[in-house]
Amino acid sequence: MYAGAIAVPLIIGRVLKLEPQDVAFLISADLFVCGIVTIIQSLGVTRYFGVQMPVMMGVTFASVGPMIAIGLSNPGYDGARMIFGSIIGAGIIAMLIAPLVSKMLRFFPPVVTGTIILIIGVTLMRIGINWIFGLPLGPTAPKIVNPEHAEWLKQVTDLAAATGSTLPAIPKGLSIAPSVNNPAYASLPNMAVSAIVLAAVLAFAKYGKGFVANIAVLLGIVVGGVLAAVLGMMHFDKVAGAEWFALIKPFHFGMPIFDPVMIITMVLVMIVVMIESTGMFLALGDMTGRKITQPRLAAGLRTDGLGTLIGGIFNTFPYTSFSQNVGLVGVTGIKSRYIAVAGGLILIALGLIPKMAALVEALPTAVLGGAGLVMFGMVAATGVRILASGVDFAQNRFNLFIVAISLGFGMIPLIAPDFKMWLPHAIHPLIESGILLTTISAVLLNLFFNGAKGTEEELRKAASVADH
């Protein structure tokens with residue numbers, strides 16, 4: 001889960017345009033809180049927190065869309081404070097509603113959960129592709145302004161501003177559109193590095209055995225990092241300057257900003273996350289031979305909320321039970337929760353070593369792009385698996401409408417990002433995420449066509465094929 005855990009702070013840190021040392025801090029904070037919440041979930045703290053099974057906790061990809069929307073509108077520390085404020089608020093509400101969520105299972109059958117997970121993967125895929133070729137804005141944008149055109153505009157501006165000039169003043173905001181191909185975009189070296197990382201991941205997945213095959217993505221990133229260092233694409237100045245040990249301090253970016261609409265947006269994400277966690281807990285209970293009672297289920301879901309609250313306080317993100325571990329329990333047959341507790345301790349140790357985070361932050365985006373195609377593509381593929389294994393399309397043609405229309409809603413922010421320009425600004429965070437649009441659409445359409453008929457057994461079956 002390490003590769004997935006570091007992906008979110010890298011995405012959000014760069015969307016917020018934070019300095020490299022702040023992005024490295026986000027990575028350290030994320031790993032630190034991953035460890036703490038994993039221990040709480042696996043070991044249990046009082047009867048109110050912890051499902052007490054081998055569960056690894058990590059940042060949910062479902063939260064990435066809303067956080068990107070906040071970060072793009074409010075870059076810098078203010079955006080970070082808004083993100084963490086919404087996370088803290090959602091964590092508190094999630095803890096309060098945890099006992100009620102299990103009663104909402106009937107609204108989230110596989111046709112809904114599969115569609116949501118599919119759109120999460122599709123939405124994230126854009127990030128992985130931009131890591132390979134370059135971001136659409138800034139120094140790596142596809143087009144740059146022609147220097148001759150920029151010089152002409154400067155001369156005209158100076159002439160218009162000169163004393164006695166008869167030239168009309170340049171209109172405020174007038175600028176020259178980029179028209180020259182940018183050599184920094186889609187450069188051959190970057191594409192070659194991404195391709196080699198992807199090939200390495202595939203090779204480790206096919207020819208590796210056991211542990212090596214399970215960490216194929218992480219090993220691919222290591223191969224890419226070594227290659228980037230050899231080619232001079234990776235610089236270690238920040239790594240050398242980073243400390244060997246540092247505590248993770250709460251509210252590193254200042255006191256959080258609590259915006260009601262952003263909190264509501266994140267609460268909707270948490271409801272989806274807890275429904276997904278419910279399926280994982282039920283599937284894991286079957287594998288480990290432990291009956292999941294209503295109090296134990298509520299304690300597990302409450303920990304998702306507690307982890308999110310802790311995440312907001314310690315400058316990181318919403319947490320959920322990583323479903324890869326469900327598959328690993330089935331493959332390895334290791335059912336002890338103390339394995340996950342040990343994993344949590346390792347994550348805490350990694351979070352307290354800033355040099356590790358600085359090393360990850362120093363990775364060129366081209367290295368992450370090759371791995372991102374696999375990571376984010378696997379999320380989308382998991383949605384397809386759930387739809388294929390748990391949804392009846394042959395006998396119930398309404399399910400086709402649910403999936404088709406909900407995917408369409410989810411694609412709106414990707415294809416037409418300015419669709420909201422005439423809508424009230426206050427609701428922009430709620431509708432800027434294709435994931436939330438898909439969630440709302442899928443739930444409502446399923447209610448319209450099928451009614452509220454989801455069952456625990458369907459959710460358990462969907463979780464058993466999940467791997468994201």
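Counting from 1, the numbers follow the sequence of the chain as shown.
- Atom OH of Tyr48 is surrounded by 12 or fewer heavy atoms from other residues, nucleotides or ligands within 6.0 Å.
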Going through the checks in order, is the side chain to side chain contact (heavy atoms under 4.5 Å, CB included) test met by Val8 and Val64? CA-CA 7 Å; Val8 176; Val64 171; 4.0 Å; yes

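- When Ile339, Val341, Thr303 are each tested for a side-chain contact (heavy atoms from CB on, under 4.5 Å) with Ser42, only one passes: Val341.
- Counting non-hydrogen atoms of neighbouring residues, nucleotides and ligands closer than 6.0 angstrom, the CZ atom of Phe401 reaches no more than 12 such neighbours.
- Smallest separation of non-hydrogen atoms from Met375 and Ala7: CE-CB, 4.1 Å.
- Atom CD1 of residue Ile88 and atom CD1 of residue Ile93 lie 12.0 Å apart, to the nearest 0.5 angstrom.
- Within the 6.0 Å centre-distance limit, the rings of Phe61 and Phe376 are counted as a close aromatic pair.
- For the atom pair SG (Cys34) and CD1 (Ile346), the distance works out to 13.0 Å, reported to the nearest 0.5 Å.
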Would Ile87 and Phe317 satisfy side chain to side chain contact (heavy atoms under 4.5 Å, CB included), going step by step from the backbone distance to the final call? CA-CA 7 Å; Ile87 291 170; Phe317 311 108; 4.2 Å; yes

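- A donor-acceptor pair is defined here as one N or O able to donate and one able to accept, closer than 3.5 Å; no such pair exists between the side chain of Ser73 and the backbone of Ile70.
- Residue-environment remark: CZ (Phe245) exceeds the threshold of 12 foreign heavy atoms within 6.0 Å.
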Please test Glu243 against Lys355 for salt bridge (charged side-chain N to carboxylate O under 4.0 Å, His left out), starting from the C-alpha separation and ending with a verdict. CA-CA 6 Å; Glu243 300 175 12; Lys355 277 192 184 296; over 6 Å; no

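- Here the CD1 atom belonging to Ile402 is positioned 9.0 Å from the CG atom belonging to Leu447, to the nearest 0.5 angstrom.
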Pair Leu284-Lys335, side chain to side chain contact (heavy atoms under 4.5 Å, CB included): steps then yes or no: CA-CA 9 Å; Leu284 201 54; Lys335 303 174 182 179; over 6 Å; no

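- Thr115 is listed as a side-chain neighbour of Ser406, based on a closest heavy-atom distance under 4.5 Å.
- Residue Phe32 holds its CZ atom at 11.0 Å from CG of Asn315, rounded to the nearest 0.5 Å.
- With Asp259 contributing its side chain and Met262 its backbone, the two residues share a donor-acceptor pair below 3.5 Å.
- Between Ala362 and Val239 the shortest heavy-atom distance is CB-CG2, 4.3 Å.
- The neighbour count for Phe409 CZ, taken as heavy atoms of other residues, nucleotides or ligands under 6.0 Å away, does not exceed 12.
- Looking only at distances, a side-chain donor or acceptor of Arg290 sits under 3.5 Å from a matching main-chain atom of Gln52.
- Aromatic ring orientation, His252 versus Tyr77: tilted (interplanar angle from 30° to 60°).
- Side chains of Pro109 and Asn446 form a contact here, defined as non-hydrogen atoms less than 4.5 Å apart.
- Using a 4.5 Å cut-off on side-chain heavy atoms (C-beta onward), Ile215 and Phe204 make no contact.
- Side chain of Glu432 to main chain of Pro413: no donor-acceptor pair is present (N/O by atom type, distance under 3.5 Å, no hydrogens or angles).
- For the 3.5 Å distance criterion, the side chains of Ser277 and Thr320 qualify, holding a donor opposite an acceptor.
- Among the candidates Leu309, Thr308, Asp304, the single residue satisfying the side-chain contact (heavy atoms from CB on, under 4.5 Å) test with Met95 is Leu309.
- Between the Thr38 side chain and the Met57 main chain, a donor and an acceptor come within less than 3.5 Å of each other.
- Proximity of a side-chain donor or acceptor of Arg337 to a complementary backbone N or O of Leu43 within less than 3.5 Å is detected.
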CA sep, side-chain torsions, deciding dist, call: Asn450, Asn396, side-chain hydrogen bond (donor to acceptor under 3.5 Å, both in side chains): CA-CA 9 Å; Asn450 298 327; Asn396 185 351; 3.0 Å; yes

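- Proximity of Met266 to Ile263: side-chain heavy atoms (C-beta onward) are nowhere separated by under 4.5 Å.
- Distance alone, capped at 3.5 Å, places no donor-acceptor pair between the Arg81 side chain and the Ile257 backbone.
- Ser86 places none of its side-chain heavy atoms less than 4.5 Å from the side chain of Thr265.
- For Thr439, there are no side chain to side chain donor-acceptor pair (under 3.5 Å) partners, not counting sequence neighbours.
- No donor-acceptor pair closer than 3.5 Å links the side chain of Lys17 to the backbone N or O of Arg14.
- Asn190 places no side-chain N or O within donor-acceptor distance of the main-chain N or O of Ile132, the cut-off being under 3.5 Å.
- To the nearest 0.5 Å, atom CD of residue Gln41 and atom CZ of residue Arg302 are 11.0 Å apart.
- Counting only distance, with no hydrogens or angles, the side chain of Ser194 and the backbone of Ala366 share a donor-acceptor pair below 3.5 Å.
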Start with the C-alpha distance between Met356 and Val360, add both sets of side-chain angles, then the distance that settles side chain to side chain contact (heavy atoms under 4.5 Å, CB included), and finish with yes or no. CA-CA 6 Å; Met356 286 289 295; Val360 172; 5.8 Å; no

